Amino acid sequence: MRAAPTILHLDMDAFFAAAEQASKPSLRGKPVVVGGLGPRGVVATASYEARRFGVHSAMPTGQARRLAPNAAYLVPRFAFYRSISEQVMELLRRLSPLVEPLSLDEAFVDLEAGGVADDSASARAAGERLRVDILATTGLTGSVGLAGSKMIAKIASEEAKPDGLVLIEPGTERELLGPRSVRILPGIGPATGEHLRRAGMTTVTDLVEAGEDELVRLLGRAHGASLYRMAQGYDDRPVVAERDAKSVSVEDTFDVDLHDRVRIRIEVERLAERCVGRLRASGHSGRTIVLKVRRYDFSTLTRSETLRGPTDDPGVVREAAGRLLEAVDTTGGVRLLGVGVSGLADYTQEDLFAQADAAAAGEAGPEAAPGGGPEVEAVELVEPAEHGPVERHWAPGNDVRHAVYGAGWVQGSGVGRVTVRFEEPWSGPGRVRTFSVDDPELEPSEPLPLVRGDAAA
């Protein structure tokens, strides 16, 4: 714990959706949902306007459509988001050599190591300058939390949302945490929160008053002891520069054990979709798919499968996790499921070409166009000319350029037609026109920069 609030946590506001709104003037101030649009798709990010309807990340897209039927539903453009993230991370590295990215839109910064802050006033000034610089560079807003530890800095940035800055003075941690729900602490999810509630603990003060021995009895030695320290506001984890992730995983603990094999398979597929979302957000792909199953008797099994090459394809991960599940006995019930990807490599799409080669050779391979998850990043594989022309796919939100009307984006397509709105980030809302899907004057294009000065740079 530090005596000055020199640990900064930055969290970009509704990052994917905000980037889409910034690049599409007609969507500003309107509900926008970014995610997979297939029947098994999930929400990656929802704009604040969409969140008012109850839409949130990791929600099935079908459910989101029922809650906000008039929202704009767009496929993710991860290459575009990564380019913005690189600009933001460069601004953070100007503040300090110790920058710990957590995802494309989130990072810790050690301001003291950069020599830019050693007290509350200088830390606040650095945080405010950062917010101004991010807006000027990217056209987007970010929320900043400042504190003497990583845990409190992250809580502060959450309180600062959207587009704000909150500084929590060291020494006030227990006063801040005391009346809050136990769910505010890292590592306490719905299941652990319910377990603590049944034991009469709903606030952080309740955890402190219960004592370390009681938490260890309820949650085990490692988790109980760690939770007791966090409840007291202690967190001495350092900011680790450019932390290399070894794996990406997600898991869910169920309030009631699952017995239905079909339901278990559905949950595994959903976890696979979420895992790929995190994998892509971190800019990685991976070779090894891992399934974790905790059974009714608390015994935990892990199974893994290593692919020929790294992948970030939701269909590939989903099918591999399903195969691993077939080898696990779930008789008696399952209380926890998890899906992970390890053997990480930099983001790549080479696996899709390998799959196409395998298919051409007559090998069995995963489906080329999975029905769920953010599929926009998949490379479009065009059959050789002798097989005849292939209709081009126009996904909602993708960038296009027309020989006559200029830059625009796809609003929707179907029945051989594609509807495009022609506008630029720095223009007003543009006009809508409809074309044949094979119109030779309409082509996919690269995203335009959000800040006009970038175009001339």
Side-chain angles (χ1 to χ4, degrees), residues 12-37 44-47 49-50 70-88 104-105 134-141 349 374-382 389-457:
M12 300 294 288
D13 300 322
F15 182 47
F16 295 174
E20 297 297 345
Q21 290 176 314
S23 68
K24 300 172 172 64
S26 59
L27 297 183
R28 293 171 189 168
K30 298 179 180 179
V32 174
V33 178
V34 178
L37 305 187
T45 306
S47 69
E49 296 85 356
N70 296 321
Y73 288 84
L74 309 174
V75 294
R77 298 184 293 161
F78 287 105
F80 178 51
Y81 308 146
R82 278 194 297 276
S83 68
I84 300 171
S85 175
E86 289 168 1
Q87 292 178 302
V88 173
L104 288 179
D105 63 337
I134 289 174
L135 181 62
T137 301
T138 70
L140 303 179
T141 63
Q349 295 170 333
E375 65 273 3
V376 67
E377 284 297 295
V379 173
E380 184 178 338
L381 303 176
V382 180
V390 177
E391 184 178 285
R392 290 184 294 177
H393 177 62
W394 304 101
N398 276 4
D399 297 278
V400 296
R401 179 170 290 276
H402 191 274
V404 176
Y405 302 107
W409 57 278
V410 176
Q411 279 199 327
S413 64
V415 199
R417 311 293 284 176
V418 55
T419 300
V420 177
R421 184 180 288 273
F422 291 98
E423 58 187 5
E424 299 174 335
W426 41 82
S427 73
R431 298 186 64 180
V432 175
R433 295 186 181 273
T434 299
F435 308 90
S436 169
V437 293
D438 57 359
D439 189 320
E441 294 187 311
L442 186 67
E443 296 289 343
S445 71
E446 294 298 317
L448 293 171
L450 296 182
V451 178
R452 194 165 194 172
D454 292 351

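These figures come from a predicted structure and were not determined experimentally. Just the heavy atoms: all of them, side chains too, but no hydrogens, waters or symmetry mates, feed the values below.
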How long is the gap from [atom1] on [X] to [atom2] on [Y], to the nearest 0.5 Å?
| X | Y | atom1 | atom2 | value |
| --- | --- | --- | --- | --- |
| I84 | S23 | CD1 | OG | 7.5 Å |
| L140 | S85 | CG | OG | 11.0 Å |
| L104 | F16 | CG | CZ | 5.5 Å |
| Q411 | K24 | CD | NZ | 10.0 Å |
| T141 | L135 | OG1 | CG | 7.5 Å |
| E49 | L27 | CD | CG | 10.0 Å |

request  = List the steps and the verdict of side-chain contact (heavy atoms from CB on, under 4.5 Å) for L37 and V75.
outcome  = CA-CA 7 Å; L37 305 187; V75 294; 3.7 Å; yes
Could you tell me if the side chain of [Y] sits less than 4.5 Å from the side chain of [X], heavy atoms only?
| X | Y | result |
| --- | --- | --- |
| F80 | D399 | no |
| W394 | P444 | yes |
| Y81 | T45 | no |
| P25 | S427 | yes |
| W409 | L74 | yes |
| E423 | P429 | yes |

Any donor-acceptor N/O pair, R28 side chain to Q21 backbone, under 3.5 Å = yes
task = Could you tell me whether R431 atom CZ has more than 12 heavy atoms of other residues or ligands within 6.0 Å of it?
result = no
Minimum heavy-atom distance [X]-[Y], with the two atoms named:
| X | Y | answer |
| --- | --- | --- |
| L448 | A407 | CD1-CB, 3.8 Å |
| V34 | P76 | CG1-CA, 3.7 Å |
| T137 | V451 | O-CG2, 3.4 Å |
| A14 | A46 | CB-O, 3.8 Å |
| A50 | V33 | CB-CG2, 4.0 Å |

request  = Return the orientation label for the Y405 and H402 ring planes: parallel under 30°, perpendicular over 60°, tilted otherwise.
outcome  = tilted
ask   = Does a salt bridge link E20 with R77, judged by any charged N lying under 4.0 Å from a carboxylate O?
value = yes
